[in-house]
Protein chains: 2
Amino acid sequence: MSGFLGTYTVNLDEKGRLNVPSKFKNILENKYGAQLVTVAMDGYLIVFPHLEWEKNENRMDEMAPLNPKERDEVRPYLSSASDCEVKSGKILVPAFQREAVGLTKEIVLVGMSKTFEIWAADQWKSAAAKKR
Amino acid sequence: MSGFLGTYTVNLDEKGRLNVPSKFKNILENKYGAQLVTVAMDGYLIVFPHLEWEKNENRMDEMAPLNPKERDEVRPYLSSASDCEVKSGKILVPAFQREAVGLTKEIVLVGMSKTFEIWAADQWKSAAAKKR
DNA sequence: ACGATAGTGTCAATTTGTGTCGAATTGTGT
DNA sequence: ACACAATTCGACACAAATTGACACTATCGT
């Protein structure tokens, strides 16, 4: 297996869950596990298998907890993150993240090797249009 | 579990308590315990699980007790701090801290890995707006 | 001791999250 | 192209978390 590759169009169900495509599911089961961390960026979510997320976390945890400047630096990332889990083959995207990046129903999963991304389908289309 | 992550909007009840979201509650129960220390910063409260607070305390205890400069540095933090506890799944924020950071009803909990923060909802919104 | 204020535990109604299952769709081998 | 297997979809029923209110307890000052 070569990490997360390709794009998949899927739908969120009425509670905001998405079905993980079987290719991604296999990678998670074989290389990682069910634990994930999602981070909202400008326009999309990044999904980290827990193992990959830890690399970032260790860096952030070195901050001096009573130093406001240092807190300000990491807050945007941590505050927009969430840990979640693949359950019954599905991922629940928390409401605050769905709102943060404007996910409604149709979404696109984009493989990015060690991580993958979740885009609102219309965002993805217009981003793709801009590319060329 | 990856520490405190994400943002949660909750309301203080009529006595100034907040419901701890279950994700945070699980982390506290599994990794820490019910004992917390809250510190007022400029605009928000930091909530330390007791174990994490001790790390600061150790650092502060190294200061020379007869050195006024060093005393001046730590005084603002300690004087604005309070210890509290999760009881029946809720945290009572002491009145003087609610006033210190202007908490009324709607508040936002912000995960910061080893700690989390309590913001007044309007403060949080205007801070977020400034970011970009 | 008294009332006033602040703090605590509990509950029912609502909202949100989870597991399952059949039907529809897609993929695979022949 | 066909039959069969695997995957995906959407819906439902159930479980858990959240909310807001209420009643009760402790604490404080007079």
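Chain A is the first sequence line, chain B the second, and so forth, proteins listed ahead of strands; every chain is numbered from 1.
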Please give, in whole Å, the distance from [N] [atom2] to [X] [atom1]?
X	N	atom1	atom2	answer
B:Arg98	C:dG7	CZ	P	7 Å
B:Phe96	C:dG7	CZ	P	11 Å
B:Leu92	C:dG7	CG	C1'	6 Å
B:Ile107	D:dG20	CD1	C1'	15 Å
A:Ile91	C:dG17	CD1	P	15 Å
A:Arg17	C:dT18	CZ	P	8 Å
B:Leu18	C:dT8	CG	P	13 Å
A:Tyr8	C:dT25	OH	P	21 Å

(message) Between A:Glu70 and A:Ala64 (side chain of the first, backbone of the second, donor and acceptor by atom type, cut-off under 3.5 Å), is there such a pair?
(response)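 It does hold such a pair.
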(message) Ring-plane angle category for A:Phe24 and A:Tyr8, please: parallel below 30°, perpendicular beyond 60°, tilted otherwise.
(response) perpendicular
(request) On DNA chain D, check which nucleotide each of A:Asp13 and A:Lys25 is closest to and give me the residue with the more 5' one. (result) A:Lys25
(message) Hydrophobic clustering (ILVMFWY, side-chain heavy atoms < 4.5 Å, transitive) - are A:Met60 and A:Phe48 grouped together?
(response)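 Same cluster: A:Phe48 reaches A:Met60 through Ile, Leu, Val, Met, Phe, Trp or Tyr contacts under 4.5 Å.
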(message) Counting the atoms with a prime plus P, OP1 and OP2 as sugar-phosphate, which does A:Val20 contact under 4.0 Å by heavy atoms, base, sugar-phosphate, or nothing?
(response)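 Sugar-phosphate only.
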Measuring from the side chain of [X] (C-beta onward, heavy atoms only), which nucleotide among [options] has the closest atom?
X	options	result
B:Ser88	D:dT19, C:dT10, D:dA11	C:dT10
A:Ser22	C:dT18, D:dT8, C:dT8	D:dT8
A:Pro21	D:dT8, D:dC12, D:dC9	D:dT8
A:Lys87	D:dA11, C:dG9, C:dT18	C:dT18

(message) Counting only side-chain nitrogens and oxygens, does B:Lys15 get under 4.0 Å of the OP1 or OP2 atom of C:dA6?
(response) no
(request) Examine D:dT7: is either OP1 or OP2 under 4.0 Å from a nitrogen or oxygen in the side chain of A:Asn19? Give yes or no. (result) no
(request) Go through the N and O atoms of the side chain of A:Lys90 and the base of C:dT20, and report whether any donor-acceptor pair is under 3.5 Å. (result)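 Per atom types, the contact qualifies.
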(message) Given the ring of B:Tyr44, does A:Arg75 sit roughly above its face, with NZ or CZ under 6.0 Å from the centre of the six-membered ring and within 45° of the axis?
(response) yes
(message) Is there a side chain to side chain donor-acceptor pair (under 3.5 Å) between B:Thr38 and B:Gln97? Walk through the geometry before answering.
(response) CA-CA 9 Å; B:Thr38 54; B:Gln97 289 187 327; 2.7 Å; yes
